Amino acid sequence: MGKRTWSFQIFCLLLLILYLPISAKLCSHYQTSMLLQFKQLFSFETRQPSGCGRLQSDSYSKMISWKEEKDCCSWDGVTCDMMTGHVTGLDLSCSRLHGSIPSDSSLFSLPHLQILNLAFNDFNYSYISPGFTRFPNLAHLNLSVSSFSGQIPAEISHLSKLVSLDLSGNSQLGLDTPVLKALVQNLNELQELVLNSVDMSYEVPSFLTNLSSLTSLDLGNCGLQGSIPENIFRLPNLQNLILSYNKNLTSVFPKVNWSSPLRFMDLYGCNFMGSIPASLGNLSQLTYLDLSYNNFSGHIPSTLSNLQQLRHLDLSNNKFTGQIPCIFANLTQLSFLDFSNNQLNGPIPSSVSRLHSLVTKYLSYNSLNGTIPSGLFTSPLLESIDLRNNQLTGSISNSISELVNLIDLSLSSNNLSGNVELYMFAELKNLLGLDLSHNSLSLSTVLPVNSSFPNLSMLSLSSCNISEFPDFLRTQHRLQILDLSDNQIRGGIPNWIWNVGKDTLNHLNLSHNFLTGIELLPWKNLRYLDLRSNSLKGSIPFLPPSLNFISVSNNKLSGEIPLSFCNMNSIFYVNLSNNSLNGMIPPCLANSSLWFLDMRMNNFHGSIPQTFSKGSRLTILNLNDNQLEGSVPLSLVNCSFLEVLDVGNNRINGTFPAWLGALSELQVLILRSNRFHGPITYSVTRFPFPKLRILYLSNNEFTGVLPTRYFQNFQAMMHGNNNSAEGGNMYINYGNEYYSAILTVKGVNMEMEKVLNIFTTIDLSGNKFQGRIPEVVGKLNSLKGLNFSHNKLTGLIPYSLENLTQLESLDLSSNKVAGEIPWQLTSLNFLQVLNLSQNQLVGPIPQGKQFHTFSSDSYNGNMGLCGFPLSEKCSNDEVTEPIQDREEDDTWSLFDWKMAVMGYGSGFVIGLSMGYSVFATGWPKWIVRMVERKQSRNTVIRMLIQGARGRRN
Ligand SMILES: *[C@@H]1O[C@H](CO)[C@@H](O)[C@H](O)[C@H]1NC(C)=O
Ligand SMILES: *[C@@H]1O[C@H](CO)[C@@H](O)[C@H](O)[C@H]1NC(C)=O
Ligand SMILES: *[C@@H]1O[C@H](CO)[C@@H](O)[C@H](O)[C@H]1NC(C)=O
Ligand SMILES: *[C@@H]1O[C@H](CO)[C@@H](O)[C@H](O)[C@H]1NC(C)=O
Ligand SMILES: *[C@@H]1O[C@H](CO)[C@@H](O)[C@H](O)[C@H]1NC(C)=O
């Protein structure tokens with residue numbers, strides 16, 4: 001061979017190398033232009049939806065790399081068949097696509113597509129085009145979290161090769177039953193069906209269980225109703241089952257024959273009932289089980305011990321009873337355990353020490369007793385322990401200091417005792433939250449100042465016998481929550497305290513101590529401030545505008561309300577009661593965001609602010625025991641949420657504020673001991689005061705006849721005991737939070753609902769009412785107290801009072817009531833206080849039952865009465881001896897304070913304080929509110945934990 005041949009061959013080779021890329025361009029010109037046309041549909045301005053992970057930067061879109069000169073098979077997100085050059089896969093997830101896909105889109109001219117993923121984009125709430133069915137080979141379709149809306153088209157069922165279908169996270173998308181049926185009939189190869197958040201608000205049809213190839217089914221948050229077919233749990237290949245957040249899904253578990261491959265089961269927040277069958281223990285592959293926030297009851301089956309693969313076990317917020325079975329010995333993989341908020345009792349099984357992988361352990365809000373097993377603090381990975389609100393006894397083991405990963409420890413509200421050196425926690429460098437409140441611990445807070453608790457953000461040492469501010473607080477710069485309430489801290493507040501959590505503190509509770517002064521509140525992010533029940537003197541300092549909640553009740557504060565009250569834009573709770581504050585009430589309080597205002601027992605004067613505005617959320621207004629003048633402001637009618645109005649013990653004049661009848665939520669109206677005058681008038685409201693339960697008009701100068709028309713309308717006083725379910729709930733709606741108010745009666749705290757049921761009361765005593773006692777009073781059959789004393793009433797005692805079967809106190813004294821005492825009153829079985837003295841009653845006193853318990857004081861000053869207990873014998877004495885053996889009833893313990901409240905007619909000090917339990921836990925609701933889904937503290941902790949991890953890394 002000659003040189004030339006060689007050169008020619010080399011030349012050819014070069015040519016080949018040069019041209020290879022061109023001749024090997026896999027993608028056809030047609031496909032390239034279809035894809036480029038498709039690209040034209042979108043702008044890329046949309047922000048990246050969350051869920052795309054951190055790998056892709058904000059400005060990234062896969063389509064940016066799509067250029068005509070390049071082989072389309074090399075474009076980002078495009079996959080081709082290497083033999084044919086057909087485009088078989090398109091993955092444009094998280095590509096910031098913004099626009100919509102019409103049914104004639106060029107996308108649908110790629111018939112060889114097998115995989116199509118458009119998840120996490122923004123298709124602007126357009127419909128899913130029927131064009132999506134023009135992919136006869138499509139096996140995987142993912143349109144999740146992409147802002148599609150409307151009904152899923154029936155044509156989707158033509159995709160008969162589909163293996164996985166994910167339409168989740170499109171909350172405006174709906175799936176009709178007929179379409180679902182077609183889907184089930186035609187998609188015989190379907191393995192994965194993800195419809196989370198798609199609207200399916202109907203009962204799950206049983207044909208869904210025909211999808212026998214399914215391995216994953218996600219119907220979470222679909223609005224499912226009714227019960228779910230048992231056979232869902234028996235799909236032979238099912239591994240993952242998610243039904244969470246279907247509140248109306250009312251189902252029970254099948255007793256037997258579970259689908260054995262199940263690995264992941266999430267039923268959080270449904271309405272499952274009944275018990276967990278023992279057969280659940282046969283699911284030996286199970287790694288994740290979340291049954292929290294349902295209505296499960298019964299015992300936790302011991303067969304759970306067979307679930308040796310289990311990593312996550314959440315049975316919290318159900319109604320499980322009995323002891324925690326010894327299931328832990330073999331659960332060596334378990335890292336998350338939550339049994340909180342059930343009714344479990346007995347000891348914590350010692351086998352918890354075998355949970356070597358445990359990171360999180362929540363057993364709070366049960367009735368667990370016995371000591372904390374020593375092994376509990378030995379799982380080396382533990383980060384979070386919550387045993388709050390149980391009945392655990394014994395001491396806290398020193399071994400806790402070995403839990404170097406501990407982030408959160410909560411042991412509050414148990415019966416733990418013994419000495420605790422805070423020192424043993426100080427070395428836990430990751431500790432964010434420590435709560436030892438409400439035990440019987442003796443705390444030693446002497447610690448090296450600089451090296452302690454470098455990360456602490458929540459410290460709750462309420463009721464820990466502390467007598468001074470712990471020194472180590474000096475270096476706590478990250479503290480957000482500090483609760484030292486209910487201790488014996490005396491005197492002034494040391495100056496260095498102002499630096500504790502200077503930029504971070506938002507919750508400070510120093511209530512129930514012996515503090516004497518507070519000069520400064522320098523925390524600019526403070527939201528919750530509780531200083532009640534100390535000995536604070538002087539005036540209220542400047543308040544940070546960030547406050548939501550302030551209570552300084554039960555102190556000795558004086559001076560006027562500072563103007564800073566008017567700068568607090570999101571304040572909702574103000575309690576200044578029981579101080580010596582004076583001056584006028586600033587008008588700004590009337591049109592603020594308040595729902596709770598308690599200023600009783602001070603020396604405020606001037607008038608009540610006149611400008612309550614429409615949309616006011618004011619629910620409880622208590623101005624009792626001041627020196628307020630003028631009239632009840634008409635503008636209160638704008639407070640349509642008002643439940644309690646108490647202006648008693650002031651100098652308010654004017655006539656009866658009949659317009660308050662329009663406040664349909666009003667339950668308590670107290671005008672007693674003022675200067676109201678004139679007859680009781682009526683307003684145009686057709687059904688006034690429908691929810692009123694407590695009416696105090698006593699000690700005024702009302703005249704005229706008793707308000708018969710109101711008596712006819714007091715619906716809430718009319719339904720015996722049966723109405724406690726509907727009417728009795730005094731829950732105050734604040735945003736998404738529900739606080740239950742508490743009424744303080746003579747120092748007795750009780751849930752408002754209970755109190756309201758007990759204190760269904762009318763007191764019109766000490767006025768100038770005249771005329772008869774109307775028959776219609778007998779209709780108010782939930783009344784517990786009735787006081788018409790010290791008026792000028794005449795006529796007879798109506799027989800209808802026999803129907804007041806709940807009545808415990810009846811006072812008609814000091815009137816001009818005449819005639820005989822109706823013997824029917826002996827049927828009032830609960831009557832404990834009766835005062836008919838100083839009237840014009842005659843004839844024999846009824847005998848028997850409660851009547852033998854009343855002394856002559858009940859009848860004095862009636863010239864014509866005779867019989868027991870008076871010494872006058874009746875002339876024709878047919879009266880029987882009083883029955884000696886009175887049946888013991890167990891209501892007597894309530895008797896003392898009821899006497900105080902009603903018997904003397906003077907002691908009804910009504911006071912309201914916040915649902916203290918909500919706040920006593922140390923975790924204020926505004927933090928919890930940050931968490932949209934699980935409103936449990938656990939999630940907050942998890943967030944903090946994530947924060948801490950971030951900080952550490
Ligand atoms: C539950 O059912 C009730 C009554 O049918 C309905 O009003 C409510 O909206 C449903 N709730 C949910 C979350 O679907
Ligand atoms: C734990 O597993 C072992 C071996 O698999 C078994 O023999 C033992 O009975 C199991 N213990 C419990 C309490 O289930
Ligand atoms: C724990 O409570 C159970 C009943 O709930 C009781 O029988 C048992 O005696 C209690 N144990 C201790 C140690 O208090
Ligand atoms: C009510 O009190 C105010 C202020 O004390 C007084 O000016 C007014 O005359 C009084 N009105 C009546 C009707 O007594
Ligand atoms: C007591 O109530 C019953 C049932 O509502 C009624 O029939 C009766 O007339 C009432 N008694 C009186 C005295 O009004």
Side-chain angles (χ1 to χ4, degrees), residues 171-172 174-175 195-204 219-228 243-251 267-273 293-295 299-300 320-325 339 342-350 363 365-374 387 389-395 414-417 439-440 708 711-712 715 717-723 736 772-783 786 795-807 810 819-829 846 932-933 935:
S171 56
Q172 299 195 21
L175 178 57
L195 298 173
N196 203 305
S197 302
V198 172
D199 178 15
M200 300 173 66
S201 43
Y202 41 81
E203 191 152 341
V204 179
L219 300 179
N221 194 19
C222 288
L224 299 177
Q225 312 281 319
S227 64
I228 195 151
L243 298 171
S244 50
Y245 302 104
N246 286 294
K247 290 249 175 270
N248 281 352
L249 193 60
T250 312
S251 261
L267 307 184
Y268 168 86
C270 295
N271 194 13
F272 275 83
M273 295 181 290
Y293 292 89
N294 277 283
N295 268 316
H299 289 216
I300 297 175
F320 289 112
T321 50
Q323 301 202 355
I324 300 179
F339 286 174
N342 280 291
Q343 293 150 26
L344 300 168
N345 59 27
I348 301 175
S350 59
L363 301 175
Y365 293 94
N366 282 291
S367 303
L368 302 173
N369 63 10
T371 56
I372 301 178
S374 56
L387 306 178
N389 289 72
N390 281 292
Q391 291 148 25
L392 300 169
T393 49
S395 57
N414 280 289
N415 301 326
L416 300 171
S417 55
N439 283 290
S440 308
T708 311
F711 293 156
Q712 278 162 349
Q715 291 299 321
M717 302 191 198
M718 279 187 197
H719 302 289
N721 261 344
N722 329 338
N723 64 343
N736 286 326
R772 298 166 163 275
I773 299 172
E775 286 277 326
V776 65
V777 172
K779 277 186 156 183
L780 305 177
N781 58 3
S782 353
L783 273 185
L786 183 61
L796 307 175
I797 299 177
Y799 294 151
S800 66
L801 294 192
E802 73 172 342
N803 279 344
L804 300 182
T805 51
Q806 308 294 316
L807 205 63
L810 175 63
E820 298 195 355
I821 302 173
W823 59 264
Q824 286 90 340
L825 296 191
T826 56
S827 66
L828 301 181
N829 286 329
E932 277 180 83
R933 296 174 77 187
Q935 285 208 345

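In listed order, ligands and their atoms are each counted from 1. For clarity, every value in this text was computed on a predicted model and none was experimentally measured.
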Seminar exercise, completed: Heavy-atom closest pair (N781 atom, Q806 atom, distance to 0.1 Å) is O-CG, 3.3 Å
Problem set entry | For ligand 1, the residues whose heavy atoms come within less than 4.0 Å (ordered by chain, then number) | Q225, N248
Exercise. Got L267 and L249 here, is their nearest side-chain heavy-atom distance under 4.5 Å?
Worked result: no
Exercise. Heavy-atom contacts under 4.0 Å between Q824 and ligand 5: side chain, backbone, both, or neither?
Worked result: neither
Exercise. Side chains of Q225 and N248: is there a donor and an acceptor less than 3.5 Å apart?
Worked result: yes
Problem set entry | Modelled atom types, side-chain donor and acceptor of N415 and T393, under 3.5 Å | no
For this session: State, to 0.1 Å, how close V776 and T708 come at their nearest heavy-atom pair, and which atoms those are.
Result: CG1-CG2, 3.6 Å
For this session: Could you walk me through whether L807 and L801 pass side-chain contact (heavy atoms from CB on, under 4.5 Å), step by step?
Result: CA-CA 9 Å; L807 205 63; L801 294 192; 6.0 Å; no
For this session: Please report the shortest heavy-atom distance between L224 and M200, naming the atom on each side.
Result: CD2-O, 3.4 Å
Seminar exercise, completed: ligand 5 atoms nearer than 4.0 angstrom to some heavy atom of S800 are 12 (C), 13 (C), 14 (O)
Exercise. Which atoms from ligand 3 have a heavy atom of N345 less than 4.0 Å away?
Worked result: 5 (O)
Exercise. Does a donor on one side chain and an acceptor on the other come within less than 3.5 Å for N295 and N271?
Worked result: yes
For this session: Mark up the atoms of ligand 3 that fall under 4.0 Å of a heavy atom belonging to N369, in ascending order.
Result: 1 (C), 2 (O), 3 (C), 8 (C), 10 (C), 11 (N), 12 (C), 14 (O)
